[in-house]
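Before any comments, here is the structure.
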Amino acid sequence: MSTTTIAKGITSGLRAAMEKDPKVVLMGEDIGKLGGVFRVTEGLQKDFGEDRVIDTPLAEAGIMGTAIGMALRGYRPVVEIQFDGFVYPAFDHIVSQVAKLHARSLGYVKMPIVIRIPFGGGIGAVEHHSESNETYFAHTAGLKVVACSNPHDAHWMIQQAIESDDPVVFYEPKRRYWDKGELGDGPDGALGTARVLRPGTDVTLLAYGPMVKTCLQAAQAAEEEGRSLEVIDLRSLSPLDGEAILASVRKTGRAVVVHEASTFLGIGSEISAMVTEEAFHSLEAPVLRVGGYNVPYPPSRLEEEFLPDLDRVLDAVDRSLAY
């Protein structure tokens with residue numbers, strides 16, 4: 001196994017996909033010569049040319065509309081949205097066209113588009129640069145929505161997303177881009193499956209993207225107090241891996257869902273409903289949620305007060321075990 005960062009894991013995954021299929025084309029603002037604001041596409045335009053790594057105008061609606069046309073012509077466009085809060089000009093295209101064309105055409109038209117979105121906070125950025133808008137897309141039928149949390153998944157999941165004939169919204173935890181980890185020889189399961197990162201017996205922690213690391217840290221801290229927490233990386237938000245989620249909760253009897261997005265109508269709401277409906281008699285306590293507060297994302301000097309941290313996760317664990 002080699003060691004790399006999440007950012008470089010995505011880079012190497014994009015490179016592998018482009019080498020495998022000449023129909024894979026990258027599009028986005030400053031992704032060519034600059035290599036993207038996070039340098040995720042660094043070196044790819046030099047190696048594959050300006051026809052396959054395309055610097056676009058600053059116009060997300062135009063980028064997305066172009067990607068739709070290319071997909072109709074047999075290409076596999078990979079679109080980079082520079083920051084999470086910049087996706088809204090393209091929102092109409094994504095939910096009205098990209099998500100619906102396959103069903104509208106009775107299966108005749110495919111939309112093999114990947115929409116890469118760096119998401120979440122913790123980087124001290126200005127307004128519109130630190131949002132968690134994944135629920136908008138997870139709610140939309142016709143879209144797959146996934147989030148990587150480590151370099152191994154970053155490398156392999158981006159390739160699986162590109163190979164999918166369905167459109168995929170691919171979330172990347174921007175504050176974890178430089179976290180290092182091992183890169184294995186193959187993917188850990190199909191796109192759309194969750195993974196148990198740390199087995200446990202007392203409480204199930206369910207997280208994705210940037211909060212996976214926080215939950216692993218919480219599990220390690222809890223172990224020092226004699227508590228055994230199982231940490232599941234959801235990896236896929238639509239579809240959710242209900243089988244993995246329910247199997248863990250039936251074992252531990254308790255669940256805490258953690259995400260940066262507001263808890264109100266967040267992914268945790270859907271998981272709570274699923275567990276309550278399908279594993280109610282296995283629960284020893286209500287499903288608890290830890291997330292951002294239901295306010296607009298605050299200025300950077302206050303973001304650490306807004307974002308879930310180890311103490312808030314452990315407090316939820318204490319409340320769950322107190323029932």
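Scope of the values below: all heavy atoms of this structure, side chains included, with no hydrogens, waters or symmetry mates.
- Side chain of H102 to main chain of Y108: no donor-acceptor pair is present (N/O by atom type, distance under 3.5 Å, no hydrogens or angles).
- E303 and I123 make their closest contact through OE2-N, 3.6 Å (heavy atoms, listed as atom of the first residue, atom of the second, distance).
- When all heavy atoms are compared, the tightest approach of A255 to V249 is CB-CG2, 3.8 Å.
- Within a 6.0 Å sphere centred on OH of Y75, other residues, nucleotides and ligands contribute 12 heavy atoms or fewer.
- Exactly one residue among R176, K213, R175, K174 makes a salt bridge (charged side-chain N to carboxylate O under 4.0 Å, His left out) with E260. That residue is R175.
- Between T66 and M27 the shortest side-chain heavy-atom distance falls below 4.5 Å.
- Relative to the six-membered ring of Y171, R235 misses at least one condition, a distance below 6.0 Å or an angle of at most 45° to the axis.
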Verdict with supporting geometry, R195 and D188, salt bridge (charged side-chain N to carboxylate O under 4.0 Å, His left out): CA-CA 8 Å; R195 188 153 68 101; D188 290 318; 3.3 Å; yes
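- Note: F306 and Y297 have perpendicular aromatic rings, judged against thresholds of 30 and 60 degrees for the angle between ring planes.
- Of all heavy-atom pairs spanning T204 and I232, the tightest one is CG2-CD1, 4.1 Å.
- Looking at Y208 and E134, their side chains do bring a donor and an acceptor atom within 3.5 Å of each other.
- Surrounding CD of E50 are at most 12 heavy atoms belonging to other residues, nucleotides or ligands under 6.0 Å away.
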Salt bridge (charged side-chain N to carboxylate O under 4.0 Å, His left out) between E284 and R254, worked out: CA-CA 6 Å; E284 301 291 339; R254 294 176 168 85; 5.1 Å; no
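- Side chains of V317 and L205 form a contact here, defined as non-hydrogen atoms less than 4.5 Å apart.
- Between Q159 and G13, the shortest heavy-atom distance links the atoms CG-O, 3.3 Å.
- The pair R76-D165 counts as a salt bridge, with a side-chain nitrogen and a carboxylate oxygen less than 4.0 angstrom apart.
- Residue pairs satisfying the side chain to side chain donor-acceptor pair (under 3.5 Å) criterion with at least one member in residues 20-29, sequence neighbours excluded, are listed as follows: K20-E163.
- Applying the side chain to side chain contact (heavy atoms under 4.5 Å, CB included) test between K144 and each of L237, V169, D166 identifies D166 as the sole match.
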side-chain hydrogen bond (donor to acceptor under 3.5 Å, both in side chains) between S149 and D233, worked out: CA-CA 8 Å; S149 70; D233 183 353; 2.5 Å; yes
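- Counting heavy atoms of neighbouring residues, nucleotides and ligands inside a 6.0 Å radius, atom CD of Q220 does not exceed 12 of them.
- Less than 6.0 angstrom separates the ring centroid of F137 from the ring centroid of F91.
- Taking the six-membered ring for Trp, H128 and Y88 have ring centres at least 6.0 Å apart.
- Closest non-hydrogen pair, P112 versus P77, comes out as O-CD, 3.8 Å.
- Between F38 and W178, the ring planes are tilted. Angles from 30° to 60° get that label.
- Contact record, A138 with S238: O-OG, 3.7 Å, taken as the closest heavy-atom pair.
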